[in-house]
Amino acid sequence: MSNATATVTATDAATATGTAAESPTVSANMTIYINNLNEKIKLEELKKSLRAVFSQFGKILEVLAFKTLKHKGQAWVVFEDVTSASEALKRMQGFPFYDKPMRIQYAKTKSDIIAKADGTFVPRERRRRHDERADKKRRDHRDANQAGVNSAYGTMPPHSHLPYPGGGKHADAPAAPNNILFVENLPHECTPMMLQMLFCQYAGFKEVRMVETKPGIAFVEYGDELQSTVAMQALQGFRMTAQNSMLISYAKK
DNA sequence: AGCACA
C-alpha cells in the first residue's frame, strides 16, 4: 500500500517534470506563439481573424504573421499583459480555427513592441544570426538611387499569384470568422426558442434560424464577428442532452 | 516542423 503510494508520488513528480517537455524552457510571456495554423489563409485575413478571436482575453498590441517558408502557419499575438496571454493560451489551446486546431505556446522571446515600451529593445542587427552586414547604413554620401526598385513601394503585392483558380475560397475551406454561427449536433426536438434562450445571453444577439427540413442544425446571427465569437466560445460543446453537444462554427456565406 | 518584429 505505502509502496504504491510512493510510486504514485514518484510518478507525479515525473509527470510534473514531463509537463515541461511540452514547452521546454519557455516561460510566461505577453506574447503567444501559435502554430498549426491553416497556411492557405491570406495573411491579412489570418491576422484579422486572430485578433477577432483573441481580443476577448485583453488588449492586443500587435498580431504578427509571415509567409516565408520558415514562418508559414505561425503567428504571434502580443498582449498588453501576461495574464491575458495566459488566459488566451489556456482557453484557446486546440481551438479549431480554419479547420485546424491551434497549437499555442508562449513566445520564446520578448516582442520588439514590448521591448521598445520597457526600454530593453536592442536593434536587430545584433541578434540576427548572420546578417550580411553590407548595408551598415554607413554615412557614405547617398548612394545612387537605383532606378527606385528598392523603394518602399517597390515590394511585390502579396496576391501576385493565387493558390486556387477560383481566386479565393475553395470547397473545403472553413468559413472565416463572421457574425453568423452555424450550430450542429442539436437534438431533433430542439426549437428556435430553446436556442434563443441560450444565445441571447451574449451581446449583439439578433436571431436564430432553423431549417425545418434539416433538423439538428441552426444559424445564429450576431451584430458582428466579435460578438458571435464570444458566444461561440461560451457555448461551444454545450450539452443539450446526454448525447448532443453543440458543435459551433462560423457559417459559410 | 518551423519562434519574429517584414
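Order of the sequence lines sets the chain letters (A, B, ...), proteins ahead of strands, with each chain counted from 1. None of the values given here were measured: they were computed from a predicted structure.
Applying the 4.0 Å criterion to OP1 and OP2 of dA6(B), one finds that Lys67(A) has every side-chain N and O outside that range. Contact annotation: Arg103(A) does not reach the phosphate of dG2(B) (side-chain N/O to OP1 or OP2, under 4.0 Å).
Under the 3.5 Å distance criterion, with hydrogens and angles disregarded, a donor-acceptor pair is assigned to the side chains of Tyr98(A) and Ser49(A).
Ring stacking holds between Trp76(A) and dA4(B), with the centres under 5.5 Å apart and the planes within 30 degrees of each other.
With distances taken from any side-chain atom of Glu39(A) to the nucleotides dC5(B), dG2(B), dC3(B), the minimum falls on dG2(B). Among dG2(B), dA4(B), dA6(B), the nucleotide with an atom closest to any side-chain atom of Leu64(A) is dA4(B). When distances run from any side-chain atom of Lys108(A) to the nucleotides dG2(B), dC3(B), dA6(B), the shortest one goes to dC3(B). When distances are taken from the side chain of Tyr33(A) to each of dA6(B), dG2(B), dA4(B), the shortest belongs to dG2(B). Of all nucleotides listed (dC5(B), dG2(B), dA6(B)), dA6(B) comes nearest to the side chain of Lys47(A).
Of the two residues contacting DNA chain B, namely Thr68(A) and Glu62(A), the nearest-nucleotide position lying further toward the 5' end is that of Thr68(A). Remark on DNA chain B: of its neighbouring residues Lys116(A) and Lys72(A), the 5'-side contact belongs to Lys72(A), judged by nearest-heavy-atom nucleotide.
If you measure from atom CZ of Arg124(A) to atom C1' of dA6(B), you get 8 Å, rounded to the nearest angstrom. For the pair Phe66(A) CZ and dC3(B) P, the interatomic distance rounds to 13 Å; values are reported in whole Å. As rounded to whole Å, 15 Å separates atom C1' of dA4(B) from atom CG of Leu50(A). Here dC5(B) presents its C1' atom at 14 Å from CD of Gln74(A), a figure rounded to the nearest Å. Rounded to an integer number of Å, the gap from Lys100(A) NZ to dG2(B) P is 14 Å. Taking atom CD of residue Gln105(A) and atom C1' of nucleotide dA4(B), one finds them 14 Å apart after rounding to whole Å. Rounded to a whole Å, the CD1 atom of Ile60(A) is 16 Å from the C1' atom of dC5(B). When rounded to the nearest whole Å, the span between CE of Met30(A) and C1' of dA4(B) equals 16 Å.
Residues Leu181(A) and Ala231(A) share a closest heavy-atom pair of CD1-CB, 4.2 Å.
Under the 4.5 Å side-chain heavy-atom criterion for ILVMFWY residues, a single connected hydrophobic cluster contains both Val220(A) and Phe238(A).
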What donor-acceptor contacts under 3.5 angstrom involve side-chain atoms of residues 208-219 of chain A, with partners at least two apart or in another chain?
{"unit_1": "Arg209(A)", "atom_1": "NH1", "unit_2": "Glu207(A)", "atom_2": "OE2", "d": "2.3"}
{"unit_1": "Arg209(A)", "atom_1": "NH1", "unit_2": "Glu221(A)", "atom_2": "OE1", "d": "2.8"}

Sequence neighbours excluded and cut-off under 3.5 Å, please list the side-chain donor-acceptor pairs for residues 192-205 of chain A, or say none.
{"unit_1": "Gln201(A)", "atom_1": "NE2", "unit_2": "Leu198(A)", "atom_2": "O", "d": "2.8"}

